[in-house]
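For ligands, and for the atoms within them, numbers begin at 1 and follow the listed sequence.
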Amino acid sequence: MGVDSVAHGQNYVDGRWEDGGGAVLEVRDPATGDVVARVPESTERDVDRAVTAARRAWDSWRWVNPSVRAGYLHATADALSAATDRVAAATTREMGKPLPEARGEVEKLAKTFHFYAEEATRITGATLANEEDGFTSIVEKEPIGVVAAITPWNYPVELIGWKLAAALAAGCTIVVKPSEYTPTAAIEVFRSLEVAQLPSGVANLVTGAGTTGRALVAHPAIDKVAFTGSGATGAAIVKTVSGVKPVSMELGGNCPLIVTRHADLDQAVTGALRRSFRNAGQICIAINRAYVHADLYEEFVGRLAKGAANLVVGDGRREENVDVGPVTNAEILERSERHVEDARTKGARVLVGGTRPPGRPAGNFYLPTVLADCTQDMLVMHEETFGPVIGVSAFTDLDAAVALANSTPAGLAAYVYSENLGEVFALGRRLDFGSVAVNNVDAGTINAPYGGRKGSGFGYEHGREGMEGYLQMKHVRVRHH
Ligand code: ADP
């Protein structure tokens with residue numbers, strides 16, 4: 001599909017591209033507001049066709065040798081790499097991130113497929129000594145079955161891949177429902193599965209919005225639901241799931257950064273800039289609030305504001321050297337404005353940003369914003385903004401800063417800058433988050449488990465644990481004399 005024409009997207013069901021039986025969903029470029037694609041608003045019947053195909057395919061896919069499954073995953077990774085420009089163009093067109101970052105996302109997805117290809121060949125159970133002579137217990141790992149994956153728009157390519165690659169590696173089949181904001185990025189990912197000649201029905205794609213997602217989650221033939229998105233939708237999904245089945249959820253962040261008096265200030269500022277404003281702040285593990293020791297505070301906020309002011313805001317598709325694209329939808333724009341206004345009225349200093357960029361009437365643009373002198377009662381300090389906004393607050397007592405960091409429902413990731421080894425280990429232990437990144441801002445890497453606590457969800461993606469979520473155990477007890 002051409003990048004400048006209006007794309008006509010289809011569902012991928014049982015190895016074939018097909019239109020849905022219902023209405024058509026329009027997809028817009030957040031930089032201009034123009035319609036860039038039309039895709040199916042998939043109906044209950046479309047969903048049923050996809051689930052039925054996945055169910056049928058599971059009967060054979062589950063028995064396919066793991067090394068053969070690995071071959072398909074490596075081939076998909078290679079096809080993705082070859083299609084990087086096309087997948088990246090679709091991503092930027094729909095959600096606005098600068099093209100080089102969209103390309104980076106595709107590269108990371110290819111790496112994810114390679115990683116899970118290798119993991120597929122290392123599924124290991126156990127042989128156990130028994131409590132009685134003459135018996136051996138074997139613990140086997142088997143695929144769970146048919147997976148429903150519901151994904152958001154902020155990393156529309158990677159977040160599908162984490163679920164898709166891990167589930168296929170485990171021997172599950174899958175139906176993916178991507179975000180209504182980014183369906184053609186998902187379609188491009190699925191083209192790579194087609195190039196890799198994945199057997200029909202093993203991976204299926206249905207586009208649509210919440211109604212389609214609800215139909216998928218509610219389908220009785222689904223064995224596991226894997227969801228990434230908002231807390232409100234996560235709560236709705238728990239109620240919609242039919243019967244009793246495993247559900248994994250990654251529900252976002254409001255992640256804190258603690259900069260202790262022993263921090264390397266340069267590194268802390270660089271890390272904060274990157275993890276607050278990359279992807280226009282639309283990252284589950286974005287730094288949304290910072291607690292900075294009073295000795296470094298004024299220097300930190302000054303440098304952070306300077307760095308934020310230097311970021312280039314623009315159309316990630318048509319302009320060069322853009323650091324921060326538009327936010328993907330009006331809801332994020334409105335929430336960013338609301339959080340900034342709330343902080344301003346409660347006494348925060350707006351050091352930089354705090355408005356839409358002057359001279360850009362069209363598109364969902366918002367300037368990178370640094371709010372200083374924030375207090376915990378401000379929305380930015382306890383609710384996820386998911387936009388290019390960071391609130392900063394000074395502390396003198398490190399214990400109090402840790403308590404504030406832990407005080408919100410968020411439990412996905414926390415960040416620490418400190419050169420003091422004792423502090424590093426103490427904070428690593430005491431921060432109640434699924435990931436703690438120290439002196440770096442890469443809380444999520446492909447080889448280590450990544451998941452939330454408290455209001456940020458449950459279950460893990462990435463690492464071996466990401467695949468374990470699609471496996472179930474079986475105890476086979478053999479009497480041998
Ligand atoms: P975000 O705004 O971060 O994308 P949402 O929770 O609104 O978060 O959406 C995440 C995904 O969940 C999207 O694919 C969306 O279409 C889907 N979705 C929304 N409502 C429901 C629902 N009730 N049941 C299942 N999926 C849903």
Ionic contact status for Glu468 with Lys141, cut-off 4.0 Å:
yes
For Thr43, does its backbone N or O pair with a side-chain atom of Asp46 as donor and acceptor, under 3.5 Å?
yes
Check this for me: does any side-chain nitrogen of one of Lys108 and Glu105 sit under 4.0 Å from a carboxylate oxygen of the other?
no
Please state which protein non-hydrogen atom is closest to atom 9 (O) of ligand 1 and give its distance, to 0.1 Å?
Thr233 OG1, 4.4 Å
So is Phe386 in contact with ligand 1, going by heavy-atom distances below 4.0 Å?
no
Which residue from Gly210, Cys284, Ser230, Pro178 reaches closest to atom 8 (O) of ligand 1 through any of its heavy atoms?
Ser230
Tell me whether Arg289 contacts the main-chain N or O of Ala405 through its side chain, where contact means a donor paired with an acceptor under 3.5 Å.
yes
Gap separating the CG atom of Asn321 from the CG atom of Asp323, nearest 0.5 angstrom
8.0 Å
Interfacing atoms of ligand 1 (cut-off 4.0 Å, heavy-atom, Thr151)
11 (C), 13 (C), 14 (O)
Under 4.0 Å from any heavy atom of Phe227, which atoms of ligand 1 are there?
6 (O), 10 (C), 11 (C), 12 (O)
Whether Lys97 side chain and Val327 backbone form a donor-acceptor pair below 3.5 Å:
no
Quick check on contacts: which atoms of ligand 1 are under 4.0 angstrom from a heavy atom of Ala209?
16 (O)
Test: Asp315 and Arg318 ion pair at under 4.0 Å:
yes
Heavy-atom contacts with Ile150 under 4.0 Å: which atoms of ligand 1 show up? List them by number with element.
11 (C), 12 (O), 14 (O), 17 (C), 26 (N)
Just jot down the ligand 1 atoms closer than 4.0 angstrom to any heavy atom of Gly213, in number order.
24 (N), 25 (C), 26 (N)
Salt bridge present between Arg338 and Glu341 (N-O < 4.0 angstrom):
no
Close-contact set for ligand 1 against Glu180 heavy atoms, below 4.0 Å:
13 (C), 15 (C), 16 (O)
Please confirm whether Thr240 approaches ligand 1 to less than 4.0 Å, judged on its heavy atoms.
no
Among all the protein's non-hydrogen atoms, which is closest to atom 2 (O) of ligand 1, and how far away is it?
Trp153 NE1, 3.4 Å
Looking only at protein heavy atoms, what sits closest to atom 23 (N) of ligand 1 is Arg214 NH1, 3.4 Å
